[in-house]
Amino acid sequence: MLFNSIDFAIFLPIVFILYWFATNKNLKLQNFLIVAASYSFYGWWDWRFLLLILFSTIVDYSVGLGLLKQENRTKRKILLWTSILVNLGFLGFFKYYNFFLDNFITAFSFFGTEIKANSLNIILPVGISFYTFQTLSYSIDVYKRKLEPTKDFIAFSAFVSFFPQLVAGPIERATHLLPQFYKKRTFDYSKAVDGMRQILWGLFKKIVIADNCAEYANLIFNNSADYSGSTLVLGALFFTFQIYCDFSGYSDIAIGTSRLFGFDLMRNFNFPYFSRDIAEFWRRWHISLSTWFRDYLYIPLGGSRGGTWMKVRNTFPIFIVSGFWHGANWTFIVWGVLNAIYFLPLLLTNNNRNNLETVAQGKYFPNIKELFFMLLTFGLTVFAWIFFRANNIGHAITYISEIFSSSLFTIPEVRPKTIILLIMTFVLIEWQGREGHYAIAHLGIKWTPPLRYAMYYAIIIAIFWFGGKEQQFIYFQF
């Protein structure tokens with residue numbers, strides 16, 4: 001079920017009414033309703049994969065109970081590795097089986113040995129990368145004694161399957177989200193209004209910006225051999241805004257929807273395209289994933305401690321795994337390596353934590369230095385996105401080669417003026433609201449009510465008037 005669908009527009013009010021008016025006096029019943037709603041939400045796509053979520057839930061719940069009763073260090077490790085192997089085993093099979101098989105065959109063919117093996121027609125379960133990491137955080141934190149194992153199976157099931165963030169995040173930590181299912185929730189009007197406002201902005205980003213950009217990004221990338229370098233630059237820019245507005249738009253809708261039900265999810269994006277260096281970009285882009293890798297992989301490896309070699313050794317795997325997490329294609333791995341190359345000079349010179357505050361905080365405009373580094377960081381990011389979007393490495397290299405040809409200085413063949421104007425308007429609104437949790441969180445708060453509601457209605461009209469052809473959320477495939 002898509003957030004930007006009629007189905008969800010019917011589904012959400014029904015669940016909301018049942019949640020606050022039919023089950024509000026019984027916490028266990030409220031949590032059960034969330035589980036039922038979440039399984040219905042996910043099963044709308046393919047009910048067969050509900051068994052996968054249920055099995056993962058049972059495994060990690062049982063591992064938690066086992067860790068509660070077990071003090072023997074070796075047996076505790078066995079329980080932890082049971083959770084890790086089951087979860088990553090499912091993820092590896094559904095997402096990476098054919099990738100490893102094809103590369104295994106290619107490697108042996110290179111040395112003159114032919115291997116006959118058939119790939120499988122595997123359907124990738126929506127959101128498997130997200131809920132797998134979410135349940136793993138529970139097992140790891142319980143093992144490290146950072147979290148008390150739960151004995152409430154319904155609450156744990158609700159944590160694993162919570163429908164607003166089930167299929168595309170944010171990837172919640174058990175230490176943050178699970179305890180919220182233990183507490184009685186009361187309806188908070190101001191929280192609900194803020195949630196609706198964030199949903200509205202998320203829908204604008206997805207339907208008006210991302211879906212429109214997707215049409216032109218797909219057109220240009222799928223026919224890149226037919227276009228000039230200047231047009232290919234536009235294609236890369238369209239994809240750059242598509243992936244940000246698509247993914248952060250989903251996160252906005254997820255966080256806003258959660259607030260309607262009295263839950264607080266972690267922030268997932270913090271205006272990353274206004275970053276002044278790549279380290280700042282990664283503190284602001286897909287925060288729930290980057291902090292997951294930091295806490296469960298980077299720090300256990302040793303983090304930034306030690307000499308130069310140790311820093312390099314600990315950094316590269318994080319970015320490579322981050323790239324591989326996105327999909328079974330060498331393009332994602334190259335994207336990860338590129339970001340590692342961007343990041344390492346900052347780390348090795350101890351400049352990776354220079355820009356911790358919002359750019360031009362309290363000011364209308366950045367200074368020349370801030371603007372220069374923002375544009376430089378944005379340019380490096382756009383370049384890396386070409387590999388992320390390309391069909392394969394060869395396609396990416398050909399695409400980039402054409403950009404750096406004489407045709408770069410020609411007039412682009414594709415010039416959608418309306419979309420470009422919408423993107424410019426969007427960037428201005430994001431810049432204006434960059435100190436809030438989302439762009440319109442505080443925009444118009446001090447205006448008179450008629451003027452403020454006129455802005456909201458203008459956004460709604462824009463969603464219907466400028467809405468592009470419906471596109472599936474990009475991160476559903478991850």
Side-chain angles (χ1 to χ4, degrees), residues 49-101 122 124-151 153 156-157 159-162 165-167 169-178 266 286 288-303 313-328 332-333 336 478:
F49 290 108
L50 290 173
L51 296 175
L52 198 61
I53 295 177
L54 179 60
F55 184 76
S56 181
T57 302
I58 292 171
V59 167
D60 287 296
Y61 175 77
S62 302
V63 165
L65 291 180
L67 289 169
L68 176 65
K69 301 172 184 176
Q70 189 57 252
E71 292 298 327
N72 182 277
R73 187 176 179 182
T74 301
K75 291 181 178 179
R76 286 179 63 83
K77 282 188 175 181
I78 291 172
L79 286 168
L80 174 63
W81 277 102
T82 299
S83 172
I84 292 172
L85 292 175
V86 168
N87 284 290
L88 295 186
F90 279 132
L91 181 62
F93 174 75
F94 282 102
K95 195 168 184 175
Y96 301 109
Y97 175 83
N98 285 334
F99 173 81
F100 283 117
L101 178 65
I122 300 172
L124 179 66
V126 169
I128 188 171
S129 298
F130 291 88
Y131 67 74
T132 294
F133 274 36
Q134 184 154 310
T135 56
L136 273 177
S137 80
Y138 171 79
S139 298
I140 296 171
D141 286 344
V142 169
Y143 173 79
K144 291 183 175 181
R145 304 185 192 276
K146 293 181 179 179
L147 179 69
E148 187 72 20
T150 183
K151 296 179 182 179
F153 183 73
F156 184 73
S157 298
F159 157 73
V160 174
S161 65
F162 191 40
Q165 46 85 232
L166 172 61
V167 296
I171 303 169
E172 277 293 341
R173 307 298 177 80
T175 51
H176 178 242
L177 182 57
L178 184 57
M266 72 178 296
H286 201 174
S288 63
L289 179 67
S290 57
T291 54
W292 199 100
F293 281 127
R294 179 197 67 196
D295 294 343
Y296 297 117
L297 190 58
Y298 182 65
I299 292 176
L301 283 174
R313 189 209 69 174
N314 296 341
T315 298
F316 260 94
I318 303 304
F319 283 99
I320 292 171
V321 171
S322 178
F324 201 42
W325 177 90
H326 284 86
F332 297 118
I333 295 174
F478 305 138

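Only heavy atoms go into these numbers, but all of them, side chains included; no hydrogens, no water, no symmetry mates. Sequential numbering from 1 along the given sequence is applied to the chain's residues.
Of the possible donor and acceptor atoms, none in the side chain of Trp292 sits under 3.5 Å from a partner among the backbone N and O of Ile171. The closest donor-acceptor contact from the side chain of Arg173 to the backbone of Met266 lies at 3.5 Å or more, if one exists at all. Listed for the Ser322 side chain is no donor-acceptor partner under 3.5 Å among the backbone atoms of Ile318. Without hydrogens or angle criteria, Ser56 side chain to Leu52 main chain gives no donor-acceptor distance under 3.5 Å. For the pair Gln70 (side chain) and Arg76 (backbone), a donor-acceptor distance under 3.5 Å is absent.
Inter-residue side-chain proximity for Val63 and Leu80 is flagged as unmet; no heavy-atom pair is nearer than 4.5 Å. Within the 4.5 Å cutoff, side-chain heavy atoms of Tyr96 are placed close to those of Leu91. Counting heavy atoms from C-beta on, the side chains of Phe90 and Phe55 come closer than 4.5 Å. Side-chain contact between Leu88 and Leu136 is present, with heavy atoms from C-beta onward closer than 4.5 Å. Between His326 and Leu289, some side-chain heavy-atom pair lies under the 4.5 Å cut-off.
Here the options are Phe130, Phe319, Phe332, the test is ring pair (Phe, Tyr, Trp, His ring centres under 6.0 Å), and the partner is Trp325; only Phe130 passes.
For Tyr138 and Phe156, the distance between ring centers is under 6.0 angstrom.
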Would Lys95 and Ser129 count as a side chain to side chain donor-acceptor pair (under 3.5 Å) if you check the C-alpha gap in whole Å, the side-chain angles of each, and the deciding distance to 0.1 Å? CA-CA 9 Å; Lys95 195 168 184 175; Ser129 298; 2.6 Å; yes
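When the shell of 6.0 Å around NZ of Lys144 is examined, it contains more than 12 heavy atoms from other residues, nucleotides or ligands.
For Ser288 against Pro170, the heavy-atom pair with the smallest separation is OG-CA, 3.7 Å. When all heavy atoms are compared, the tightest approach of Tyr131 to Pro125 is OH-CB, 4.5 Å. Counting all heavy atoms, side chain and backbone alike, Asn72 lies closest to Thr74 at OD1-N, 3.0 Å. When all heavy atoms of Thr132 and Ile128 are compared, the closest pair comes out as OG1-O, 2.6 Å. In this structure, Arg313 and Leu301 approach most closely via the heavy-atom pair NH2-O, 2.8 Å.
Atom-to-atom distance recorded for Leu166:CG and Glu172:CD is 13.0 Å, nearest 0.5 angstrom. Considering NZ of Lys77 and OG1 of Thr82, their distance stands at 14.0 Å, rounded to 0.5 Å. Going from atom OH of Tyr143 over to atom CH2 of Trp81 covers 10.0 Å, rounded to the nearest 0.5 Å. With rounding to the nearest 0.5 Å, the separation of NZ in Lys146 from OG in Ser137 is 10.5 Å. Atom CZ of Phe162 sits about 14.0 Å away from atom OG of Ser157, to the nearest 0.5 Å. Here CG of Leu178 is found 11.0 Å from CD of Glu148. Values are rounded to the nearest 0.5 Å.
Shown here are the side-chain hydrogen bond (donor to acceptor under 3.5 Å, both in side chains) partners of Ser83, two or more places apart in sequence or in another chain: Asp60, Asn87, Ser139. Listed by chain and number, the residues in a side-chain hydrogen bond (donor to acceptor under 3.5 Å, both in side chains) with Thr315 amount to none (sequence neighbours excluded).
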